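Okay, structure first, notes after.
If you're wondering where the values come from, they're calculated on a predicted model, not measured in any experiment.
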Amino acid sequence: MYFKKFPYDDNINLFENYKKILSEISVTQQSESYKSWQKIIFNIFNIDKNEIDFYVKKIYFDNLLLKKSKKIYISKNCNLIKFVKYFIKYFIYFIYIKIKNKTFKNIFKGKILIDEIEKNEDVKLIQNFIKLFNKKDIIINKRRNLKINKKINSIFIPRFIGYYSKKISFSQIMKFFILNFIFSFKLRINLFYLFLKIIDDCFYYELLAKKIKVKYILNFRIQNSNNIKNYFFKKEGTKICYLQKNISQVSQTTFNLKADIFFCYGNYSYIDNKKTFSDINKNVPVGSFYMNNNFYIKNIFQKFSKVKKNYDILYIGSNSFYPNGPWDKYDGYSSIYLEHLNWLKNLLKTFPNLKIIFKHNSNNINNFEKNYFKDTKVEFVDQALNTYDLATKSKLILSWGSSMILELKSITNNAYYLNPLMKNIQFLNDLRKKELICITSYKDLLKKTYNLESYLIDEPNTNFCLRSDNVNENIANFLKLN
């Protein structure tokens, strides 16, 4: 089978490439073959056809891989092996949900469901938020059968069990198999994969919406937003809310997002629907939930200008930003990434006694930057150290794409992205007022370095991120009053 491919144009930036791909997917969705396939889903669940289109576009787009040497994007689920794999999974899936169709009798009621809790660290993160409500108001939905404090109301409803699978008969299963096979060839897409994804999400979220009666669902992972989930819960009067954890990037997982409410850092850092092809009804600035937990709650904060400075410059790294790594998805990325690293090298030539420290994420396993700065005075510090603490002990804080620059703007104006000629579209495209947070030339960086002591009199810019010491209260008050 000749599966559908999308050309990669190295003459345009990443955003424009993604825009072209999404436009081509939309054209495919206008075809008669796709509309016939779409009708299958509609007839089973009576779900709005626009919701089906939005879901398929997101899932298909999320699974595209760039073959840079061939200058094409192709779905990682579109090859002969994967086609056969989902061909077989199709029958296994329907047999399994038919066998496991026992019903869940319990109905869970509250005001707020805190969703997709994966580990005990997630529970610790929300403890102070939970304390702002009555115990009966909060329900925690676990993604696996996790053992947590019995004083907290928690549930775990696994997938594939308790679905109302009677709505699909065995004769329909065979009919849909044939149609998926035919339309896969016509559209050059592995529709078995897409069909199983959307069918299972429809079954699962239809079940959850009937069993969980809450006013709001609060989730920490906007990249996991799911419009099918929104659809079924909205029918029950529930609104879906997400918290901002990362900067809004030009990436496949942060496009085509769906939410009723997005609790963002600040007025300049919300997710723009037009730039991300998303459908977010309301952006509400509250500050950073993560800065609150890892900075204010740990009692390491005092006024930035009053903290003794041990370092001149803190550079905040991240995972896999290096050239030819997973984020290197457009021509020119490698050159501008290396250019901004060279700025730091050049600083040390002009200011030999400058104390620059480089701090990676705690889970970083990449040594590219460490090797790059091997023969310089750039010091790589322990990745386990608290980055917020290091930031307060530094006069100037820099990064390529860390969300912490946005957060740190709330306590000092001396936090900036290094963004040569404003070409770092991948991480900074969705920011408002970029000129206030980006250093775009080595000349500008030199000026900032000459004026390192400006931190003594600077004023924070809370437009990028509100002060986060009251973020729990900001979210709780909004949910209580709306």
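- A donor-acceptor pair shorter than 3.5 Å cannot be found between the side chains of K345 and T376.
- Applying the salt bridge (charged side-chain N to carboxylate O under 4.0 Å, His left out) rule to pairs touching residues 131-142 yields nothing, sequence neighbours excluded.
- The salt bridge (charged side-chain N to carboxylate O under 4.0 Å, His left out) analysis of residues 401-426, with sequence neighbours excluded, yields no pairs.
- For the side chain to side chain contact (heavy atoms under 4.5 Å, CB included) test with Q244, the passing option among F263, F262, F289, Y290 is F262; the others fail.
- S75 places no side-chain N or O within donor-acceptor distance of the main-chain N or O of L64, the cut-off being under 3.5 Å.
- Note on ring orientation: taking the six-membered ring where Trp is involved, the planes of F6 and Y60 are perpendicular (angle over 60°, cut-offs 30° and 60°).
- In the model, N342 has a side-chain atom that pairs as donor or acceptor with a side-chain atom of Y372 under 3.5 Å.
- Side-chain atoms of N128 and N472 include no donor-acceptor pair closer than 3.5 Å.
- The aromatic rings of Y315 and H340 sit tilted, their planes meeting at an angle between 30° and 60°.
- Using a 4.5 Å heavy-atom cutoff, the side chains of I336 and W400 are in contact.
- In this structure, M422 CE and T440 OG1 are separated by 5.5 Å, a value rounded to the nearest 0.5 Å.
- K197 forms no cation-pi arrangement with Y55, by the criterion of a distance under 6.0 Å to the ring centre and an angle within 45° of the ring axis.
- In the model, S334 has a side-chain atom that pairs as donor or acceptor with a side-chain atom of D328 under 3.5 Å.
- Between D312 and K355 no salt bridge is recorded (no basic side-chain N to carboxylate O distance below 4.0 Å).
- Considering only residues two or more places apart in sequence or on other chains, E51 meets the salt bridge (Lys or Arg N to Asp or Glu O under 4.0 Å) condition with K258.
- Take D53 and apply the salt bridge (Lys or Arg N to Asp or Glu O under 4.0 Å) test, not counting sequence neighbours, and it matches no residue.
- Listed by first and then second residue, the salt bridge (charged side-chain N to carboxylate O under 4.0 Å, His left out) pairs involving residues 468-478 are R467-D469 (not counting sequence neighbours).
- For residues 115-150, the set of pairs meeting the ring-ring contact (aromatic ring centres under 6.0 Å, His included) definition, not counting sequence neighbours, comprises F129-F133.
- Applying the side chain to side chain donor-acceptor pair (under 3.5 Å) test to pairs two or more places apart or on separate chains, those with a residue in residues 259-273 are D260-N281.
- Shown here is K275, whose NZ atom has more than 12 heavy atoms of other residues, nucleotides or ligands within 6.0 Å.
- No close placement of the Y8 and Y330 rings is indicated, their centers lying 6.0 Å or farther apart.
- Screening residues 13-23 for salt bridge (charged side-chain N to carboxylate O under 4.0 Å, His left out), with sequence neighbours left out, gives no hits.
- Aromatic pair F232/Y205: ring centres not closer than 6.0 Å.
- For the side chain to side chain donor-acceptor pair (under 3.5 Å) test, residues two or more places apart in sequence or in another chain that qualify with S248 are D430.
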If you apply the rule ring pair (Phe, Tyr, Trp, His ring centres under 6.0 Å), what do you find for Y417 with F427, and how did you get there? CA-CA 10 Å; Y417 291 108; F427 292 98; 8.9 Å; no

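- Residues satisfying the salt bridge (Lys or Arg N to Asp or Glu O under 4.0 Å) test with R221, not counting sequence neighbours, are E118, D122.
- Side-chain atoms of D201 and N226 form a donor-acceptor pair, as typed in the model, at a separation below 3.5 Å.
- In this structure, K434 has no salt bridge (Lys or Arg N to Asp or Glu O under 4.0 Å) partners at least two apart in sequence or on a different chain.
- At a threshold of 4.0 Å, the pair D10-K71 counts as salt-bridged, since one of the basic side-chain nitrogens sits closer than that to a carboxylate oxygen.
- Partners of L65 according to the side chain to side chain contact (heavy atoms under 4.5 Å, CB included) rule, which considers only residues two or more places apart in sequence or in another chain, are K76.
- N474 pairs with exactly one of N292, V284, V286, L479 by the side chain to side chain contact (heavy atoms under 4.5 Å, CB included) rule, that one being V286.
- Taking the six-membered ring where the residue is Trp, Y337 and F321 present perpendicular rings, their angle passing 60° and hence far from 30°.
- Ring-plane geometry between Y18 and F255 is classed as perpendicular, the angle between the planes exceeding 60 degrees on a 0 to 90 degree scale with a lower cut at 30.
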